[in-house]
Amino acid sequence: MTIIGIPQGWPADERTALAVQEDLRGRLELGEPGPGVGEGNVTGVDVAYDDERDLVAAAAVVLDARTLDVVAEATAVGRVSFPYVPGLLAFREVPTVLAALGRLTADPGLLVCDGYGLAHPRRFGLASHLGVLTGLPSIGVAKNPFTFGYEQPGEQRGEFSALVAEGETVGRALRTRAGVKPVFVSVGHRVSLERACAHTLHLTPRYRLPETTRRADALCRRALGEALTAQSG
DNA sequence: GCGACAG
DNA sequence: ATCTTGTCGC
């Protein structure tokens, strides 16, 4: 197994990361509708950590958007490239995720990330970074509301409310299962919020979280486990 | 000023 | 994210 290194020039401190983030944000494309629901491929990405051994495993799982069948999958294991700092999560996950995406043999299509896009202190979260860096349309589907405010959406699947920050709508609290805690959807790159939510509903025929992130989550945990076994025990 | 804060 | 048993339910 190969453990990928941290890329040359990758930010090592908060100040540099903030500057890089601001630069990437200048390349963000908003307002485009993005691919239609059920069209082409849709790819879930996620990572798992072992802080003890300073390892991070990433997984990318490509699904046929129409059938939700797995079309391709890839993993990568790397060194943790940045400490966890709220607002700078992307700098911790991006290098290894890009390595996994690079190993895919199928067109990723739309990227579905475990975290935020526009719903971010500086309106540029993990999904935005991955979208801009790959050029792919991307959305963020998070499990928690972070620091944002929202009204409880209606109890039925498909109902939603605005995620608000500084009086501005940055995403939606979307109910994917009746009576279950909503997920928090925001735009990453080249996809409208309306369509991001439609994709999310299409990807949640059975569970609260999208099939993409469920599959990527399971795969990156498995990859991390295998990496630890391979390392020693 | 201090704490909380996606994963 | 991760530390973690049993348990309820499909």
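Computed over heavy atoms, backbone and side chain alike; hydrogens, waters and symmetry mates excluded. In what follows, chains are A, B, ... by sequence order, proteins preceding strands, each numbered from 1.
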**Q** Looking at every strand, decide which applies to A/Asp51 at a 4.0 Å heavy-atom threshold: base, sugar-phosphate, or nothing.
**A**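 Result for A/Asp51 = nothing.
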**Q** Check residues 32-47 of chain A and write down every donor-acceptor pair under 3.5 Å in which the side-chain atom is one partner and the other belongs to a residue at least two apart or another chain.
**A**
unit_1, atom_1, unit_2, atom_2, d
A/Glu39, OE1, A/Gly36, N, 3.4
A/Asn41, ND2, A/Asp107, O, 2.8
A/Thr43, OG1, A/Pro108, O, 2.8

**Q** For residues A/Leu28 and A/Gly188, report the shortest heavy-atom separation together with the two atoms involved.
**A**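 It is CD1-O, 3.1 Å.
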**Q** Under a plain distance cut-off of 3.5 Å, with no hydrogens placed, do A/Thr204 and A/Arg157 share a side-chain donor-acceptor pair?
**A**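 Yes, side-chain donor-acceptor contact under 3.5 Å.
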**Q** Taking A/Ser138 for its side chain and A/Leu111 for its backbone only, find out whether a donor-acceptor pair lies under 3.5 Å.
**A**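 Pair absent, no side-chain N/O of A/Ser138 close to backbone of A/Leu111.
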**Q** For DNA chain C, note the earliest and the latest nucleotide, 5' to 3', having some atom under 4.0 Å of a heavy atom belonging to chain A.
**A**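 First and last nucleotides in contact are C/dA1 to C/dT2.
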**Q** Under the side-chain hydrogen bond (donor to acceptor under 3.5 Å, both in side chains) definition, can you give me all pairs with a residue in residues 114-126 of chain A, not counting sequence neighbours?
**A**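 Listed once each, the pairs are A/Gln21-A/Arg122, A/Asp114-A/Lys143, A/Arg123-A/Glu166.
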**Q** Could I get the full list of salt bridge (Lys or Arg N to Asp or Glu O under 4.0 Å) partners for A/Glu22, not counting sequence neighbours?
**A**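 Applying salt bridge (Lys or Arg N to Asp or Glu O under 4.0 Å) to A/Glu22 gives none.
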**Q** I'd like to know if the side chain of A/Arg79 and the backbone of A/Ile3 have a donor-acceptor N/O pair within less than 3.5 Å.
**A**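 It does not hold such a pair.
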**Q** Quick one: salt bridge (Lys or Arg N to Asp or Glu O under 4.0 Å) partners of A/Glu151, sequence neighbours excluded?
**A**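 Counting only residues at least two positions away or on another chain, A/Glu151 forms no salt bridge (Lys or Arg N to Asp or Glu O under 4.0 Å).
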**Q** Of all the base pairs, Watson-Crick or G-U under 3.5 Å, which form stems of three or more consecutive pairs involving DNA chain B?
**A**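 Stem list for DNA chain B: none, no run of 3+ pairs.
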**Q** Could you pull out the closest heavy-atom pair between A/Thr96 and A/Val56, with the gap in Å?
**A**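 Result for this residue pair: OG1-CG1, 3.3 Å.
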**Q** Counting any heavy atom closer than 4.0 Å, what does A/Ala119 reach on the DNA or RNA strands: base, sugar-phosphate only, or nothing?
**A**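 It contacts nothing in the nucleic acid.
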**Q** Going by the rule ring-ring contact (aromatic ring centres under 6.0 Å, His included), which residues pair with A/Tyr49 if we only count those two or more places apart in sequence or in a different chain?
**A**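 A/Tyr49 satisfies ring-ring contact (aromatic ring centres under 6.0 Å, His included) with no other residue.
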**Q** Starting at the 5' end of DNA chain C, write a dot or bracket for each base, bracketing those in Watson-Crick or G-U wobble pairs whose two distances are under 3.5 Å and using | for partners on another strand.
**A** ..........
**Q** Nearest 0.5 Å, what's the CZ-CG distance between A/Arg206 and A/Leu68?
**A**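 So the CZ of A/Arg206 and the CG of A/Leu68 are separated by 13.0 Å.
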**Q** Which residue, A/Arg221, A/Arg215, A/Arg214, forms the side chain to side chain donor-acceptor pair (under 3.5 Å) with A/Asp217?
**A**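 For A/Asp217, the side chain to side chain donor-acceptor pair (under 3.5 Å) test succeeds with only one of A/Arg221, A/Arg215, A/Arg214, which is A/Arg221.
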**Q** A/Arg221 near the nucleic acid: base, sugar-phosphate alone, or nothing, with a heavy-atom cut-off under 4.0 Å?
**A**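 Counting heavy atoms under 4.0 Å across all strands, the contact made by A/Arg221 is with sugar-phosphate only.
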**Q** Just jot down the side chain to side chain contact (heavy atoms under 4.5 Å, CB included) partners of A/Ala173, sequence neighbours excluded, or say none.
**A**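 By the side chain to side chain contact (heavy atoms under 4.5 Å, CB included) rule, A/Ala173 matches A/Tyr150, A/Pro153, A/Ser161, A/Pro182, A/Phe184.
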**Q** With a non-hydrogen cut-off below 4.0 angstrom, is A/Tyr49 in contact with a base, only sugar-phosphate, or nothing?
**A**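 Sugar-phosphate, no base atom in range.
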**Q** With sequence neighbours excluded, tell me which residues meet ring-ring contact (aromatic ring centres under 6.0 Å, His included) with A/Phe91.
**A**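 Testing A/Phe91 for ring-ring contact (aromatic ring centres under 6.0 Å, His included), a comparison that skips the adjacent residues, returns A/Trp10, A/Phe82, A/His129.
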**Q** Would you say A/Glu52 has more than 12 foreign heavy atoms packed within less than 6.0 Å of its CD?
**A**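 Incorrect, the count does not exceed 12.
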**Q** So which one's nearest nucleotide on DNA chain C is more toward 5', A/Arg206 or A/Asp50?
**A**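 Its nearest nucleotide being more 5', the pick is A/Asp50.
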**Q** Provide the start and end nucleotides, 5' to 3', of the part of DNA chain B that has atoms under 4.0 Å from heavy atoms of chain A.
**A**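 Going 5' to 3' along DNA chain B, contacts run B/dC5 to B/dG7.
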**Q** Do any N or O atoms from the side chain of A/Arg190 and from the backbone of A/Gly131 form a donor-acceptor pair under 3.5 angstrom?
**A**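 Looks like no, no N/O pair under 3.5 Å.
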**Q** Counting the atoms with a prime plus P, OP1 and OP2 as sugar-phosphate, which does A/Gly87 contact under 4.0 Å by heavy atoms, base, sugar-phosphate, or nothing?
**A**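 Counting heavy atoms under 4.0 Å across all strands, the contact made by A/Gly87 includes a base.
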**Q** How is A/Leu163 classified with respect to the nucleic acid when contacts are heavy atoms under 4.0 Å: base, sugar-phosphate, or nothing?
**A**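 Nothing: the residue A/Leu163, judged by heavy atoms under 4.0 Å, touches no strand.
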**Q** Return the residues of residues 2-28 of chain A meeting this criterion: a heavy atom under 4.0 Å from some atom of DNA chain B. Order them by number, or give none.
**A**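 Going residue by residue through residues 2-28 of chain A, none turns out to have a heavy atom under 4.0 Å of DNA chain B.
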